[in-house]
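In what follows, a structure is listed as C-alpha cells, so that the remarks can point back to it.
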Amino acid sequence: MCGIVGYIGTKKASPILLSGLSKLEYRGYDSAGISTIEKDFLSVMKDKGRVENLSKIRGIDKLEGTIGIAHTRWATHGKPSKENSHPHQDNSKTFSVVHNGIIENYNELREFLTKNGYTFYSQTDTEVIPNLIHYYYSQYKKDDMQNFLKAVRKACLDFKGSFAIEVISKLYPENMIVVRQDSPLVIGNCEDEKYLSSDIPAILPYTRDFYLLNDLEFVVLSKDKIEFYDKDLNKIEKEIKEIEWDAASSEKDGYDDYMLKEIYEQPAAIKNTIDSKISLDNKCEFNELNFTKKYLQSLNKIYIVACGTAMHAGLAGKNTLEKLCRIPTEADIASEFRYRDPIIDNKTLCIFISQSGETADTIAALKLSKEKGAKTLAITNVEGSSITREADFSIYTHAGPEIAVASTKAYTCQVVLMNCLAIYFAEILESSDDKLIKSLKSDILDLPKKIKKVLECDDEIKKFAKKMYREKDAFFIGRGVDETAAREGSLKLKEISYIHAESYAAGELKHGPIALIEKGVTVIGIMTDEELVKKTISNIQEVITRGAKTLIITNQKIDDKGFDKVIEIPKTNSFISPVLSIIPLQLLSYYISKYKGLDVDKPRNLAKSVTVE
Ligand code: AGP
C-alpha cells in the first residue's frame with residue numbers, strides 16, 4: 001500500500017521524485033525517502049513523517065543525479081521510523097531499492113542472508129531485497145549489466161508475496177531495473193525520459209503514454225530506451241497505451257480537498273460511465289462482453305465480491321440483479337469469500353468490483369474463482385490494473401482518477417454500472433417487464449441532473465455537521481436498498497471523521513443496539529422506498545423517544561415528527577436511490593472532518609489501495 005516513484009532522464013531527479021511522492025501520499029504517509037545516483041555514490045535521504053518533511057532534509061536540494069527512486073510508506077513490518085523507511089540498501093551500499101508490497105518469506109530469507117554474513121538494520125521485510133540481489137550479484141565474476149539483471153531475477157524468484165520494486169546501482173549509473181508481482185507499477189514514456197509510479201495520476205503531468213507491466217516482467221531502463229524481458233529473461237515487446245485521463249483531472253482544481261472535488265464531480269463521472277451504454281430506445285450495450293442468452297440461462301449463481309465501499313456498491317447491484325434477472329446473487333466481502341470455500345463451478349459468474357483494481361483480497365478472490373471454473377468479470381476504474389489483467393472480462397467506471405482515500409464518485413459510478421449490467425442481462429434473458437426497464441433507464445439517464453440538485457443541500461448539511469462534530473457515536477439505518485446506503489454512509493463517517501458509526505437494518509435496532517441510544521447519539525435514517533418508509537419512521541420515533549438527534553434523508557413527503565433535520569432528495573427508482581441518498585452523507589462526513597480539523601484526504605491508518613492482505 002506504499003507508493004513508489006522513479007525517474008531516469010536528463011533533468012535533476014529529486015524535484016520530480018518529490019512531486020511524484022506528494023501525489024502518491026494517499027497510498028501511505030508514515031515515512032518517505034529517495035535515492036539518487038550521484039557522481040560517485042548512491043545518495044539516500046529518508047525520514048519518518050510525510051513527504052513535506054523529506055523535502056526539508058538538509059542537502060536534498062543539492063542532489064544533482066538524473067536517476068532516482070522514491071517511496072512513501074504505509075507501515076506493515078516495523079513501526080514508522082527512519083531505519084524502516086525506504087529506500088533500503090544492501091550492506092555494501094551498491095544497490096538501492098524501493099518496494100511496495102510484502103515479502104511473505106522474509107524471515108527465512110533474512111536467516112539465510114544472516115548466515116551468509118549479512119547484517120540487518122531495520123525490521124522491514126524489504127531489507128532482504130537489496131541484500132539478496134547483492135548476494136546473487138556477487139557470485140558473478142565480472143560487472144556486467146546482464147549479471148545485474150540476472151541477480152534481480154534470481155532474487156525475485158525467491159520472493160513469496162507481492163512486490164513492485166525499483167532497483168538502482170552505483171555500478172550502473174545509466175540504468176534502473178524494475179519488476180512487479182501483484183503490486184502496481186506503471187512506466188511513463190517520453191523520448192529521453194522515463195517515469196515510474198505506482199499509479200498513473202502521479203506522472204500524468206509528464207506523459208500520457210504508458211507501459212503496463214504483467215507479473216514478473218523485468219524491465220531495464222535507460223533514459224532513452226526500455227527493454228522488456230519475461231520471467232526467463234527472453235526479450236519481449238510491449239505495446240504502449242495512451243491514457244485518456246489528463247493531468248488537470250488529478251489536480252484539486254480550486255477545491256480545498258480532493259474529496260470535496262470528487263463529490264462535486266459525480267454528475268460528470270456518472271455521465272461518462274453511462275454514456276454509450278444506456279439509451280431509452282436501444283438495448284443496453286456492453287461491447288466488452290459477449291454473454292448469450294444460453295450462457296446467462298445456464299448460471300446457477302452470481303457472486304459479487306469486493307471490499308469496503310466497492311462491496312457496498314455490490315450490495316446495491318445484487319438487489320437489482322436478483323430482481324431483474326431472477327438469478328440468485330450474493331454479495332460478499334473478498335477477505336471472507338477467499339477463505340470460506342465458496343461453492344463455485346462453471347455455472348457461476350463472479351463479478352469483482354474495485355476502484356483501484358489493485359486490492360489484494362479482491363485479486364486473490366478472483367484467482368480462486370477462476371481456479372474453480374467460474375467466469376470472472378471485473379468492474380474497475382483503472383484500465384490495465386491488476387484485476388483487469390486477471391479477469392476474463394472487464395468493464396469500467398469512467399469516474400476519472402479518485403485521489404481522496406474516502407471513495408465517493410467511484411461508489412456512485414459502481415452502483416450505476418451494476419444497474420446497467422443488470423439491465424443488459426435482463427434484456428438478453430427477457431426476464432423483466434419492459435416498462436420497468438424503460439423507466440429505470442430513464443431514471444439512470446436523469447441521475448446527473450438529480451445529483452446536481454442534491455448537491456444544493458451542501459449548506460444545510462454543513463450546518464448539521466456543525467451540530468454533530470463533537471459527538472462520539474452515530475447510527476445509520478435504512479431498509480432494503482437504503483440499508484446498503486446506510487452501510488456506506490457509516491463507513492464514510494468512520495474513516496474520515498473518526499466518529500464511531502454503525503449501520504443497521506432499521507428493523508434490527510430494537511434487537512439490541514437500541515440499548516446504546518441516548519442523548520448525544522445521532523441516528524441517520526435513509527428512506528427512499530415508498531413501501532417501507534412508514535416502518536423506518538416508526539424506528540426513528542423509537543430513537544427520538546430515547547434522546548437521539550436525528551437526520552432524515554428521504555425522497556418521500558413525510559410529516560414533521562420531531563426530526564432534527566430532513567434533507568429531501570429527488571425521487572428515483574429505488575434500485576439506484578443510493579446514488580442520490582449517499583451524497584448528503586458524503587458531505588456530512590466531509591464537513592465533520594473539516595470541523596474537527598482533520599486531514600480529509602489522508603485519514604489516519606488508511607491508504608487508498610490496500611495491496612496487502
Ligand atoms: C473507501 O472509502 C475505502 N477507503 C475502502 O473501503 C475501499 O473502498 C476499499 O479498500 C476497496 O478499494 P478498491 O475499490 O480500490 O478495491
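Just follow the structure's listing: the first ligand is 1, and inside any ligand the first atom is 1.
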By salt bridge (charged side-chain N to carboxylate O under 4.0 Å, His left out), D529 pairs with (sequence neighbours left out) none
Please determine, by modelled atom types, if S407 and Q355 share a side-chain donor-acceptor pair under 3.5 angstrom. no
Please work out which of the three classes, parallel, tilted or perpendicular, describes the rings of F163 and F159, given edges at 30° and 60°. perpendicular
Do you know which of R487, K492, K494 makes side chain to side chain donor-acceptor pair (under 3.5 Å) with S490? K494
Starting from atom 15 (O) of ligand 1, which protein heavy atom do you reach first, and at what distance in Å? S356 OG, 2.6 Å
Should the pair K409-E402 be classified as a salt bridge under the 4.0 Å nitrogen-to-oxygen rule? no
Take every heavy atom of L606, measure it against each atom of ligand 1, and state whether any distance is under 4.0 Å. no
Closest approach of any protein heavy atom to atom 12 (O) of ligand 1, naming residue and atom: T359 OG1, 3.5 Å
Mark yes or no for whether K277, through its side chain, and N287, through its backbone, hold a donor-acceptor pair below 3.5 Å. no
Considering only non-hydrogen protein atoms, determine which one is nearest to atom 10 (O) of ligand 1 and report residue, atom name and distance to 0.1 Å. V610 CG2, 3.9 Å
Does the side chain of N381 pick up a donor-acceptor pair with the side chain of T397 at under 3.5 Å? yes
Taking atom 9 (C) of ligand 1 as the reference point, the nearest protein heavy atom with its distance: C307 O, 3.7 Å
Considering only heavy atoms of S407, which atoms of ligand 1 have at least one such atom less than 4.0 Å away? 1 (C), 2 (O)
Ligand 1 atoms nearer than 4.0 angstrom to some heavy atom of A310 are 8 (O), 14 (O)
Polar proximity ligand 1 side, A406 side, N/O cut 3.5 Å exclusive: no
For ligand 1, is K492 a contact, meaning one of its heavy atoms is under 4.0 Å away? yes
Note: ligand 1 atoms sitting under 4.0 Å from heavy atoms of S354 are 13 (P), 14 (O), 15 (O), 16 (O)
If we number the atoms of ligand 1 from 1 as shown, the ones under 4.0 Å from a heavy atom of G308 are 6 (O)
Please work out whether any backbone atom (N, CA, C, O) or any side-chain heavy atom from C-beta onward of M311 is under 4.0 Å from ligand 1, and answer side chain, backbone, both or neither. neither
Quick one: nearest non-hydrogen protein atom to atom 14 (O) of ligand 1, plus distance? Q355 N, 2.7 Å
Would you say E495 and ligand 1 have an N/O pair spaced under 3.5 Å apart? yes
Is the closest N or O pair between Q414 and ligand 1 shorter than 3.5 Å? no
For A364, which residues count as a side-chain contact (heavy atoms from CB on, under 4.5 Å) partner, sequence neighbours excluded? R338
Counting the benzene-type ring for Trp, do F291 and F393 have ring centres under 6.0 Å apart? yes
Minimum heavy-atom distance P578-V481, with the two atoms named: CG-CG2, 3.7 Å
Using a 4.0 Å cutoff against the non-hydrogen atoms of T309, which atoms of ligand 1 qualify? 1 (C), 2 (O), 6 (O), 8 (O)
